[in-house]
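First the structure, in the form of structure tokens, and then the observations on it.
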2 protein chains.
Amino acid sequence: MSSLTEVAREAGVAVSTASRVLSGSEHPISERTRARVLAAAERLHYSPSALARAMVTSHSRLIGVLVSDIDNPYFSVIARGVDDVATKAGYVTMLSNVDRRTTTEINRLQAMRDYRAAGVVFAGSGYVDDPQHGALADAVRRAREQGVRAVTLADRDLGCPSLTVDNRAVAQDITGHLIARGHRRVVFIEGPTGMTVSRHRREGFLTAMRAAGLETNAACHPGGFDYDAGHAAALRLLARRPLPDAVLAANDEVAVGALRALRQAGLDVPRDISVAGMDDLRIAEFTGLTTVSLPLYEMGSLAARHIIDATADTATNTVLSHRIAARDTVARKQGC
Amino acid sequence: MSSLTEVAREAGVAVSTASRVLSGSEHPISERTRARVLAAAERLHYSPSALARAMVTSHSRLIGVLVSDIDNPYFSVIARGVDDVATKAGYVTMLSNVDRRTTTEINRLQAMRDYRAAGVVFAGSGYVDDPQHGALADAVRRAREQGVRAVTLADRDLGCPSLTVDNRAVAQDITGHLIARGHRRVVFIEGPTGMTVSRHRREGFLTAMRAAGLETNAACHPGGFDYDAGHAAALRLLARRPLPDAVLAANDEVAVGALRALRQAGLDVPRDISVAGMDDLRIAEFTGLTTVSLPLYEMGSLAARHIIDATADTATNTVLSHRIAARDTVARKQGC
DNA sequence: TTGTAGGCGTTATCAC
DNA sequence: GTGATAACGCCTACAA
């Protein structure tokens with residue numbers, strides 16, 4: 001309620017003076033006036049309007065993050081990474097769920113641009129041949145022209161810096177891990193159709209299989225990114241003989257769904273069959289799932305840092321490294 | 001970059017006219033002028049400054065949510081609930097993690113107040129005898145005096161409306177569920193010491209036990225709210241004989257930790273021992289955990305709705321209902 | 001139906 | 001050291 005003007009009046013000084021002490025300016029101020037202003041502000045429960053401040057300085061200290069669904073642990077770690085550095089730097093995080101819809105993504109980006117966000121982090125993956133991709137890229141370009149920095153955490157060609165992992169390599173490495181442990185009939189439960197990340201992980205899987213001279217016919221099975229998809233896919237797998245040696249799932253949640261279906265069917269994982277995932281979310285730890293650890297928290301925090309430390313905003317593409325997290329769901333076959 | 005002024009100039013009209021068409025005002029405007037303004041705005045990639053708009057209308061359309069940790073599924077569902085109604089109403093969600101620190105909570109509330117948030121949702125629980133409680137309550141009072149609506153989703157006496165579940169009843173009901181199924185030696189793995197919610201759940205557990213005339217000496221065991229706490233507590237339980245009939249954990253994650261420790265020790269859950277949790281997060285579904293379902297999403301969405309539909313802001317305390325989610329980790333003993 | 005002008009709460013630029 | 005004052009971008013009487 002109370003503005004700088006009132007604080008100034010209460011302290012018996014000019015607004016400019018009050019502003020100087022309250023905004024922590026370098027300008028020299030006598031100790032006496034400073035104390036007086038501080039006291040007045042305290043007395044009036046003064047809360048500086050970040051809105052007004054943002055307008056005049058053209059620095060909103062707002063940072064946006066666009067996630068598919070914050071209730072998905074993959075994204076909540078990223079959001080946590082963003083918010084930690086944002087808060088430390090005196091920024092506030094704006095969050096929006098876009099449910100993997102590009103048009104929603106455009107709308108929310110627009111909303112954040114209206115608030116003059118210092119930058120926006122695109123956490124989600126894109127789609128192959130997305131008809132809306134051009135519109136999004138345009139929106140990003142315009143936002144950037146206006147001073148909104150953008151960072152994407154997935155391979156999606158938005159014309160802005162990216163901070164990603166190499167999902168092909170991720171899948172290839174974990175597949176190699178399986179193969180190195182003697183598994184030959186390895187099947188892959190794919191991610192949602194059309195998503196770039198699904199495509200990449202599938203390619204990585206196939207590359208590793210072929211490199212090992214393994215059969216890939218009928219090795220890929222439709223799935224999704226959630227528990228039910230993994231459960232259902234495993235059930236379908238169970239209906240056919242021979243059973244594969246190992247199941248690689250498109251992500252951890254799918255792997256856990258498959259794991260449960262397999263175990264409910266009376267199989268011993270990993271003795272009878274091995275299971276692996278990708279992402280390394282907490283659920284993987286809980287279940288002892290062998291998976292690939294991704295630097296999700298770092299992706300979030302680095303993205304925020306890029307936005308805040310307004311260094312060169314050239315469209316650099318940084319690829320972060322991953323590592324296998326070997327746990328209990330993958331067996332080592334005899335002689336391997 | 002381009003302001004209303006420029007759009008007006010480009011369209012050859014006055015700013016007020018441009019404002020009227022662009023802000024969707026009721027004011028009558030000729031179709032011709034409207035089209036012209038719209039075209040100009042489009043051409044200039046105009047993005048209305050939500051900051052300026054907020055200043056003059058004193059409606060920021062910003063809604064804040066304070067969570068302990070967004071990477072904790074309990075809070076991410078709540079945040080999802082808040083954001084869904086916020087977005088639908090044309091608001092933007094601000095998020096802050098406070099790591100259960102009251103002073104941080106005060107700081108973040110302050111930050112949101114600086115941005116003139118329409119309201120702030122306090123998602124986390126408080127502490128018993130928290131020395132900072134008074135300071136927080138004061139901060140909330142001042143924020144409210146300034147027009148920031150506040151809603152708490154836990155029992156914490158902040159002088160603002162609350163939207164809670166009855167955690168005593170939650171624990172009492174699930175304990176009753178265990179007892180009704182013939183379990184007599186039931187132990188409770190407590191939540192973090194000092195948290196109000198831990199205290200309430202413990203009380204509910206004890207009430208149910210005593211009501212059934214069951215022994216409660218040494219029935220409560222220190223724990224926490226995470227997987228490791230549950231795992232460790234179960235290990236300690238395992239070291240003593242006789243083993244309890246059932247283990248009730250302070251929340252789902254603890255239950256899952258205990259579940260795993262028990263199974264790793266070779267016990268069959270629920271044949272040898274039963275396990276139950278509280279919250280009903282997705283992990284409970286995945287593991288088939290018997291637990292208590294809480295309306296977390298609703299708490300978030302209702303809180304947001306309360307803030308947005310600026311109806312009477314009286315400090316009403318609404319208690320939402322919970323229900324037992326019986327799944328696979330609780331056995332029914334002979335004759336029950 | 002359109003235009004003019006005042007003000008929202010700050011910071012920044014100049015004087016004093 | 002301190003104080004006027006002009007922006008920032010927008011909405012909203014009020015006037016025409």
Side-chain angles (χ1 to χ4, degrees), chain A residues 1-38 40-41 44-62 90 111 113-118 146-148, chain B residues 1-38 40-41 44-62 90 111 113-118 146-148:
Chain A
M1 215 72 272
S2 63
S3 64
L4 239 203
T5 317
E6 306 181 48
V7 174
R9 183 189 0 249
E10 171 88 8
V13 302
V15 265
S16 43
T17 305
S19 169
R20 290 194 265 254
V21 358
L22 261 12
S23 66
S25 120
E26 299 293 72
H27 203 98
I29 296 279
S30 79
E31 264 323 308
R32 204 164 130 282
T33 346
R34 174 183 306 277
R36 198 178 293 186
V37 171
L38 257 16
L44 274 62
H45 304 312
Y46 174 67
S47 155
S49 167
L51 265 24
R53 187 171 281 179
M55 264 195 51
V56 63
T57 61
S58 53
H59 283 306
S60 69
R61 292 184 159 265
L62 246 21
R113 176 149 93 102
D114 292 350
Y115 281 95
R116 302 297 183 260
Q146 201 201 67
V148 177
Chain B
M1 214 73 269
S2 63
S3 65
L4 239 203
T5 317
E6 305 181 48
V7 173
R9 185 190 359 249
E10 170 87 8
V13 301
V15 266
S16 47
T17 305
S19 168
R20 291 194 263 253
V21 0
L22 261 13
S23 66
S25 121
E26 299 293 73
H27 205 97
I29 296 279
S30 77
E31 263 325 307
R32 203 164 130 281
T33 342
R34 175 183 305 278
R36 198 178 292 187
V37 171
L38 256 17
L44 274 59
H45 304 312
Y46 174 66
S47 155
S49 168
L51 264 25
R53 189 172 279 180
M55 262 194 54
V56 62
T57 61
S58 52
H59 282 307
S60 69
R61 292 183 159 269
L62 248 19
R113 176 150 94 103
D114 292 349
Y115 281 96
R116 301 298 185 257
Q146 199 201 65
V148 177

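In what follows, every chain begins at residue 1, and chains take the letters A, B, ... in the order their sequences are listed. This is a predicted model, so every value here is computed, not measured.
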**Minimum heavy-atom distance B/L22-B/V7, with the two atoms named** =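 Heavy atoms of B/L22 and B/V7 come nearest at CD2-CG1, 4.0 Å.
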
**Prompt:** Side chains of A/S16 and A/S19: donor-acceptor distance under 3.5 Å anywhere?
**Reply:**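 Not at all, the side chains of A/S16 and A/S19 share no donor-acceptor pair under 3.5 Å.
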
**Prompt:** When you check the side-chain N and O atoms of A/R53 and A/S23, is any donor under 3.5 Å from an acceptor?
**Reply:** no

I want to verify a distance call: between [options], whose nearest atom is closest to the [X] side chain?
X	options	result
B/V56	C/dC14, C/dG3, C/dC8	C/dC8
B/T17	C/dT2, D/dG1, C/dG9	C/dT2
B/M55	D/dC10, C/dT2, C/dG9	C/dG9
B/S30	C/dT10, C/dT1, D/dC10	C/dT1

**Item:** B/R9 with B/E6: basic N within carboxylate O range, under 4.0 Å
**Value:** no

In whole angstrom, what separates [X]'s [atom1] from [N]'s [atom2]?
X	N	atom1	atom2	value
B/E6	D/dC8	CD	P	10 Å
A/Q146	D/dG9	CD	P	10 Å
B/L4	D/dA7	CG	P	18 Å
A/R20	C/dT11	CZ	C1'	10 Å
B/L44	D/dC10	CG	P	12 Å
B/R9	D/dG9	CZ	C1'	13 Å
B/L22	D/dC11	CG	P	8 Å
B/H59	D/dC10	NE2	C1'	15 Å

**Request:** Ignoring hydrogens and angles, tell me if any N or O in the side chain of A/S60 forms a donor-acceptor pair with the backbone of A/A54 under 3.5 Å.
**Result:** no

Would you indicate what [X] reaches in the nucleic acid, counting non-hydrogen atoms under 4.0 angstrom: base, sugar-phosphate, or nothing?
X	answer
A/S47	sugar-phosphate
A/S3	sugar-phosphate
A/S23	sugar-phosphate

Is any N or O donor-acceptor pair between the side chain of [X] and the base of [N] shorter than 3.5 Å?
X	N	value
A/H27	D/dT2	yes
A/R32	D/dG1	no
A/S16	D/dG3	yes
B/R116	C/dG9	no

**Message:** Can you tell me if B/T33 touches the phosphate of C/dT2, counting only side-chain N or O atoms and a distance under 4.0 Å to OP1 or OP2?
**Reply:**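 Yes.
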
**Message:** D/dC10, OP1 or OP2 - any side-chain N/O from B/Y46 closer than 4.0 Å?
**Reply:** yes

**Of A/V15 and A/I29, the one whose closest DNA chain D nucleotide lies more 5'** = A/I29

**Pair B/V21-B/T33, side chain to side chain contact (heavy atoms under 4.5 Å, CB included): steps then yes or no** = CA-CA 9 Å; B/V21 0; B/T33 342; over 6 Å; no

**Prompt:** Which residue, A/P48 or B/G12, contacts DNA chain C at a nucleotide closer to its 5' end, judged by nearest heavy atom?
**Reply:**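 The residue mapped nearer the 5' terminus is B/G12.
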
